[in-house]
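Single-structure report; data block below.
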2 protein chains.
Amino acid sequence: MKRTAFFISDGTGITAETLGQSLLAQFGNIEFRRLTRPYIDSVEKAQAMVQQINAVAEAENMRPIVFDTIVNNKIRDILAGANAFKVDIFSSFLSPLEAELNASSSYSVGKSHAITHTNNYMERIEAVNFALDNDDGARTRHYNSADIILLGVSRCGKTPTCLYMAMQYGIRAANYPFTEEDMERLVLSPALRDNKDKLFGLTIDPDRLAAIRHERKPNSRYASYAQCEFEVREVEKLFQREGINFINTTQFSVEEISAKILVEKGIERRFK
Amino acid sequence: MKRTAFFISDGTGITAETLGQSLLAQFGNIEFRRLTRPYIDSVEKAQAMVQQINAVAEAENMRPIVFDTIVNNKIRDILAGANAFKVDIFSSFLSPLEAELNASSSYSVGKSHAITHTNNYMERIEAVNFALDNDDGARTRHYNSADIILLGVSRCGKTPTCLYMAMQYGIRAANYPFTEEDMERLVLSPALRDNKDKLFGLTIDPDRLAAIRHERKPNSRYASYAQCEFEVREVEKLFQREGINFINTTQFSVEEISAKILVEKGIERRFK
């Protein structure tokens, strides 16, 4: 039977989710039902939340796990009455931090993912727009203002990676897809050559690539294993010839690919 | 002077960053220099990390704050020797969780953002592609498979919100922009009317909209306050007339907008 886990917050719930997911991932043999309950920011909502938790505990004959980032003491006290195993993130760490920093926590709600926290919020949206505007290799005139330019065959993971880096870190990521036509004589275009220090390659296992392309264009030459294998081989040769660092995306999530690229290129996240 | 905070992980660093940022956000009066150090997954890297932390402590005459999610005991022990104030996330919570779940943690590295954890990883990439493919209102034939369809004027935040929901939650979000031409006689198209339960509106303060549009097309009619005010007013009237829930995005981050929409529509996150 699945064990129920709640991620409860008076804000978006992202911190509670992220930490909770990380901890639960360490128990691979247990199946969890995961429920996020953001914006529990009033006495009434907290009381309803306690009822919901208690109902689950009774129905499943097992108290749920609750990860919470409630900041308000009144609401926290109400939740404390629920029949649950609580992983109380803020109360575990805020007091020690207050002592170390010799400062008082503001105990203010929803700070962590609020727009006020993100001074350069517009920068981040700009970065998303940058990724969207520089996604297909058609325009190269903005490469000067790019932080990074990803290279690779069609459908190897460039676009989601660029969007993730933009959204999460405000990094301006362009991407340049090598097309079938490029394969005849694969070279770096002048625009790419002029920005060589920004280039980073993505590659992928040909069978995986074929499966992904098949979803888009079933039974096409584009999706054939032979074509995929050919394109990947040619592009990897180019990366090696030109000394461009690259990563095989087959086994990695977008988060992992992004983190690895930032480490390899020595780019710091643009935190607020 | 800024206080230095490190987010250290043997994986992507996302969990350490997210929790660390949340906690630091409670100390609004202190400025922090934030450094993420992912993939600290060997004895050598850990030793180099300790040196780096100690160098900062000495240079700043103040020990750094270290948020870490190191799973491996050997690496954790090395880091423990650094001159830092440590917020040790896993060791604080894993033992109590083991007792509660009556199971042993696998103590395996990089589980939380790995592809293995995300059973429906492909679903998430599909969701990103869905958002990109259904971004401009030109195609409406996929609305049947959408989880949600965002409506609003150009540049009110639809695209970043759709992409965030796709990336973070695997939710298929389309968006439909009302154009200047639509304003003459603003109605829901048949495709929208057929999916009325999926519709959600975004609106924005006209002066903010004008500023955003001005970045794109300076001194255009499109970016004029009068035009922005007119479009926002017409679209809000439509939302009210049709009983479509909507949210004003001006004061909210993409994370907050997404979380609020999911709550209002009663959509659960698609967790792995």
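These figures come from a predicted structure and were not determined experimentally. Each chain gets a letter, A, B and so on, in the order its sequence line appears, and its residues count up from 1. FYI, side chains are in, hydrogens and waters are out, and symmetry mates aren't considered; it's all heavy atoms of this structure.
For a residue to count as touching a neighbouring chain, one of its non-hydrogen atoms must lie under 4.5 Å from one of that chain's; by this rule A:S104 touches chain B with the backbone only. A:R33 does not touch chain B: none of its heavy atoms, backbone or side chain, sits under 4.5 Å away. With a threshold of 4.5 angstrom between heavy atoms, A:I30 approaches chain B through side-chain atoms but not through N, CA, C or O. Contact annotation for A:L132: only side-chain heavy atoms (C-beta onward) come within less than 4.5 Å of a heavy atom of chain B. Of the atoms belonging to A:N102, not a single heavy atom falls under 4.5 Å from chain B.
Separation of atoms CG (A:L24) and CG (B:L97) is listed at 7.0 Å; rounding is to 0.5 Å. Here the straight-line distance linking atom CG of A:L101 with atom CZ of B:R3 works out to 5.5 Å at 0.5 Å rounding. With rounding to the nearest 0.5 Å, the separation of CG in B:N129 from CD1 in A:I212 is 9.5 Å. Summarising the geometry, atom CD belonging to B:Q168 is positioned 7.5 Å from atom CD belonging to A:E17; distances are rounded to the nearest 0.5 Å. The structure places CD1 of A:I14 at 8.0 Å from OG1 of B:T18, a figure rounded to the nearest 0.5 Å. For the atom pair OG1 (B:T12) and CD1 (A:I257), the distance works out to 12.0 Å, reported to the nearest 0.5 Å.
Between A:T15 and B:L23, every side-chain heavy-atom pair lies at or beyond the 4.5 Å cut-off. Between A:Y39 and B:E264 there is no side-chain heavy-atom pair separated by less than 4.5 Å. Here the side chains of B:V263 and A:P38 are in contact, with some heavy-atom distance below 4.5 Å.
If you look at A:F93 and B:F93, their ring centroids are closer than 6.0 Å.
Not counting sequence neighbours, A:Q52 has no partner by the side chain to side chain donor-acceptor pair (under 3.5 Å) test. Evaluation of the salt bridge (charged side-chain N to carboxylate O under 4.0 Å, His left out) rule for A:K45 yields A:D41 as partners, not counting sequence neighbours.
Per-residue heavy-atom pair counts under 4.5 Å with chain B were compared for A:M62, A:E98, A:E215, and the maximum is reached by A:E98. For the options B:S92, B:P96, B:A259, B:S105, heavy-atom pairs under 4.5 Å to chain A are most numerous at B:S105. Counting heavy-atom pairs closer than 4.5 Å to chain B, the top-ranked of the candidates A:V128, A:I65, A:T159 is A:I65.
The local environment of CG in A:N29 is sparse, with at most 12 non-hydrogen atoms from other residues, nucleotides or ligands closer than 6.0 Å.
In this structure, B:S106 contributes its side chain and A:Q26 its backbone to a donor-acceptor pair below 3.5 Å.
The two residues B:A103 and A:F27 come nearest to each other via the heavy atoms O-CE2, 3.6 Å. Heavy-atom minimum distance, B:T36 versus A:E268: N-OE1, 4.1 Å.
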What verdict does the salt bridge (charged side-chain N to carboxylate O under 4.0 Å, His left out) test give for A:E126 and B:R216, after you've listed the backbone C-alpha separation in whole Å, the side-chain angles of each residue and the deciding distance to 0.1 Å? CA-CA 10 Å; A:E126 282 297 307; B:R216 282 257 138 174; 5.8 Å; no

